[in-house]
Novice: 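The structure is given below, and queries will be raised subsequently.
The sequence lines fix the lettering, A, B, ..., with proteins before strands; numbering per chain opens at 1. Side chains included, hydrogens not; waters and symmetry mates left out as well; all remaining heavy atoms used.
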2 protein chains.
Amino acid sequence: MVMHSSPFAAKLGSYIDLSEPELLVLESLHARRKCYPAGRDLVLQGQPEQPAYILAEGWVCSYRLLAGGGRQIVDFQIPGDFLGLRSVLSRTAGQSVEPLTKVQASLINPQDLMDVFARNPRLGAAVLWAASRDDAMVVEHLVGIGRRNALERTAHLLLELGARLTLVGLGTKAGYDCPLSQYVLADALGLSAVHVNRVLRELREEGLCTFRNGRVDINDFDGLVQLADFDHDYLDHDGPLYQGVQAPRFAA
Amino acid sequence: MVMHSSPFAAKLGSYIDLSEPELLVLESLHARRKCYPAGRDLVLQGQPEQPAYILAEGWVCSYRLLAGGGRQIVDFQIPGDFLGLRSVLSRTAGQSVEPLTKVQASLINPQDLMDVFARNPRLGAAVLWAASRDDAMVVEHLVGIGRRNALERTAHLLLELGARLTLVGLGTKAGYDCPLSQYVLADALGLSAVHVNRVLRELREEGLCTFRNGRVDINDFDGLVQLADFDHDYLDHDGPLYQGVQAPRFAA
DNA sequence: CGGTTCATTGAAGCTCATCAAACCCCGTGG
DNA sequence: CCACGGGGTTTGATGAGCTTCAATGAACCG
């Protein structure tokens, strides 16, 4: 595998082989790269004309607020992921986007993006593919909250994050750095923070994985996979858009 | 509003004004219309090369099965909706699709669809818009299961179905015909069938709505909306994105 | 340093699942 | 025509899984 200068290129590069010119095009999208502090929303739910970004560094979540005051985190974004791609399409943002850490992101001009796709169909295809993977993750999240108990659900989330981070070189089967607080995990898992704490303790005591001090250590990968009924397939297709282009498989 | 011969045209017609030629093109997609019995899956989770359809009559659900034997219904499809559009893009179907009633659907050839979009960008944009609305519904579903209690969640689903049916002329604010069993509702809501029954009783006793004998009667629309924290916006945007502009092209 | 955020643990209670049983409607076949 | 059976609905009883409230400690930070 080629050494990639950005996580975005690393991610797309795992779906299709990227040529030198294509790599340059991807770099050019990062022209307007800026730094944003944690906690101040990048995109606001219900607002029109919201921007889109490519995330270069740091963690972000997209969430929806309820009238009752609760919030549900729909998805996390990690380096290499798009932010607010959907809100470009549908004009009004359905979710808010909040940086969970200090973040570096590149503001994307929708027209530039369209131009790049028009000139580089393979890149367009890869991005569409990535977007469709994101949708699959939302579905998997829905399934988890609807039909998995707290332990399975938490294990599943930790595995999914690990798989995604591994794809961009920020994690391995043995673990990864993870800046999420138990409150944030709770909002994603549909649980209370107190219960998340107990679940993490149980995962630790069972010797499956340890989440402490911003670090997830996976002690028993196979056991965790089995507990969570974790299925790689929804993250790890066979490069679906372009016939004849085989994507390298995610190291399981 | 024009009288539409198909629910599919009715749905798209509510986003953009359809010209006479465009209506004809839409009709042409229904060439291979066939009837399918309830209960036999149209699309199979995990299988490649699955077909896509436009649903003309009857109800369908898309669901995922878990190792433990449970199932989570991700979404319902009603007349005018696409089935399996995503599985055309990503080659492998992420969900199974099962008719809940006897169903009429038109098999869609992906290449025909691409041709139609290339020649009628406005139609392409409207379909993309509809697809993005479907995604928004999945997100709303996720939020409901994660953060709403059984009563709110059920009310929300009944309202959403009502809104969607109204769009294609199959319902009003006062109610609609609904062929779902309490078991099916349970699989969608992440509840047990027994509890769904109790929740429906409570909605009835509170004078909010009555679900009996395949019919949903909404007795207190505003009360139901308030209980469910129901927000039209995610179904009911300000029309499609690229009014009069080129539709983004699918790479394929 | 006092203030804030996060992690941790205990106790009490509510929401919902599970088990079990009865009932209804409806179609089918003796 | 009635017995039978099957799918769906309804209700009760019990308890698991989670939330909520409350309190404490650890880590960080202006």
Side-chain angles (χ1 to χ4, degrees), chain A residues 37-40 59 61 66 68-73 98-102 144-155 157-158 177-206 209-217 227, chain B residues 37-39 59 61 66 68-72 98-102 144-155 157 177-205 209-217 227:
Chain A
R40 212 179 56 214
W59 288 51
C61 71
L66 281 88
R71 82 164 174 177
Q72 175 66 48
I73 292 180
E98 175 190 326
L100 296 167
T101 66
K102 194 154 58 145
I145 293 191
R147 287 294 174 213
R148 282 191 258 258
N149 67 28
L151 199 68
E152 297 163 355
R153 214 186 294 174
T154 307
L157 177 59
L158 294 179
D177 291 324
C178 175
L180 305 179
S181 76
Q182 295 181 358
Y183 288 88
V184 170
L185 278 178
D187 279 345
L189 294 167
L191 299 169
S192 70
V194 172
H195 201 61
V196 166
N197 182 284
R198 290 192 238 270
V199 165
L200 290 178
R201 168 153 53 109
E202 188 168 350
L203 287 174
R204 199 184 318 130
E205 287 172 357
E206 298 286 337
C209 74
T210 310
F211 185 175
R212 228 196 271 261
N213 302 325
R215 173 87 196 161
V216 174
D217 284 308
L227 167 65
Chain B
W59 288 52
C61 70
L66 280 88
R71 82 164 175 177
Q72 176 67 47
E98 174 190 325
L100 297 167
T101 65
K102 193 154 61 144
I145 292 191
R147 285 298 173 210
R148 281 190 258 259
N149 67 27
L151 199 67
E152 299 162 354
R153 212 184 297 174
T154 308
L157 177 59
D177 292 324
C178 175
L180 305 180
S181 76
Q182 296 180 358
Y183 286 89
V184 170
L185 279 178
D187 280 345
L189 293 167
L191 299 170
S192 69
V194 172
H195 201 62
V196 167
N197 182 283
R198 290 192 237 267
V199 165
L200 291 177
R201 167 151 57 107
E202 189 167 348
L203 287 175
R204 201 185 317 130
E205 287 171 355
C209 75
T210 311
F211 186 175
R212 226 196 273 260
N213 300 324
R215 173 88 197 161
V216 174
D217 283 308
L227 167 65

Novice: Classify A/Arg198 by what it touches in the nucleic acid, base, sugar-phosphate, or nothing, heavy-atom distance under 4.0 Å.
Specialist: base
Novice: How close or far is atom P of D/dT10 from atom OH of B/Tyr183, stated in whole angstroms?
Specialist: 11 Å
Novice: Which whole-number value in Å describes the distance from B/Asp187 CG to D/dG8 P?
Specialist: 12 Å
Novice: Have a look at A/Leu200 and say if it touches a base, only the backbone sugar-phosphate, or nothing, with a 4.0 Å heavy-atom cut-off.
Specialist: nothing
Novice: Reckon B/Gln182 has a side-chain N or O less than 4.0 Å from the OP1 or OP2 of D/dG7?
Specialist: no
Novice: Just to be sure I understand the rule, does B/Ser192 reach a base, reach only the sugar-phosphate, or reach nothing, if contact means heavy atoms closer than 4.0 Å?
Specialist: base
Novice: Rounded to whole Å, please give me the gap between CG in B/Leu185 and C1' in C/dC16.
Specialist: 16 Å
Novice: Between B/Asp217 and B/Arg212, does at least one N-O distance fall below 4.0 Å, as a salt bridge requires?
Specialist: no
Novice: Quick check: does any side chain N or O of A/Arg204 sit under 3.5 Å from a backbone N or O of A/Thr210, one acting as donor and the other as acceptor?
Specialist: no
Novice: Specify the separation, in whole Å, of atom CZ of A/Arg201 and atom P of D/dG17.
Specialist: 15 Å
Novice: Do B/Phe211 and B/Leu185 come close enough that some side-chain heavy atom pair is under 4.5 Å?
Specialist: yes
Novice: Within the structure shown, what part of the strands sits under 4.0 Å from A/Ala193 by heavy-atom distance: base, sugar-phosphate, or nothing?
Specialist: nothing
Novice: Counting only side-chain heavy atoms from C-beta out, which of C/dC19, D/dC18, D/dT9 sits nearest to B/Val194?
Specialist: C/dC19
Novice: Expressed in angstrom and rounded to an integer, what is the separation of B/Glu152 atom CD from C/dT15 atom C1'?
Specialist: 12 Å
Novice: Are A/Asn197 and C/dA7 close enough that a side-chain N or O sits under 4.0 Å from OP1 or OP2?
Specialist: no
Novice: Taking the side chain of B/Asn149 as heavy atoms from C-beta outward, which of D/dT19, C/dA17, C/dC16 is closest to it?
Specialist: C/dC16
Novice: Could you tell me whether the side chain of B/Val184 reaches within less than 4.5 Å of the side chain of B/Arg71, counting heavy atoms only?
Specialist: yes
Novice: Hey, are the side chains of A/Leu151 and A/Leu227 touching, using non-hydrogen atoms and a 4.5 Å cut-off?
Specialist: yes
Novice: Would you indicate what B/Gly190 reaches in the nucleic acid, counting non-hydrogen atoms under 4.0 angstrom: base, sugar-phosphate, or nothing?
Specialist: sugar-phosphate
Novice: Compare side-chain N and O positions of A/Arg212 against OP1 and OP2 of C/dT8 and report whether any pair is under 4.0 Å apart.
Specialist: yes
Novice: Please state how far atom CG in B/Leu180 lies from atom C1' in D/dG8, giving the value in whole angstrom units.
Specialist: 13 Å
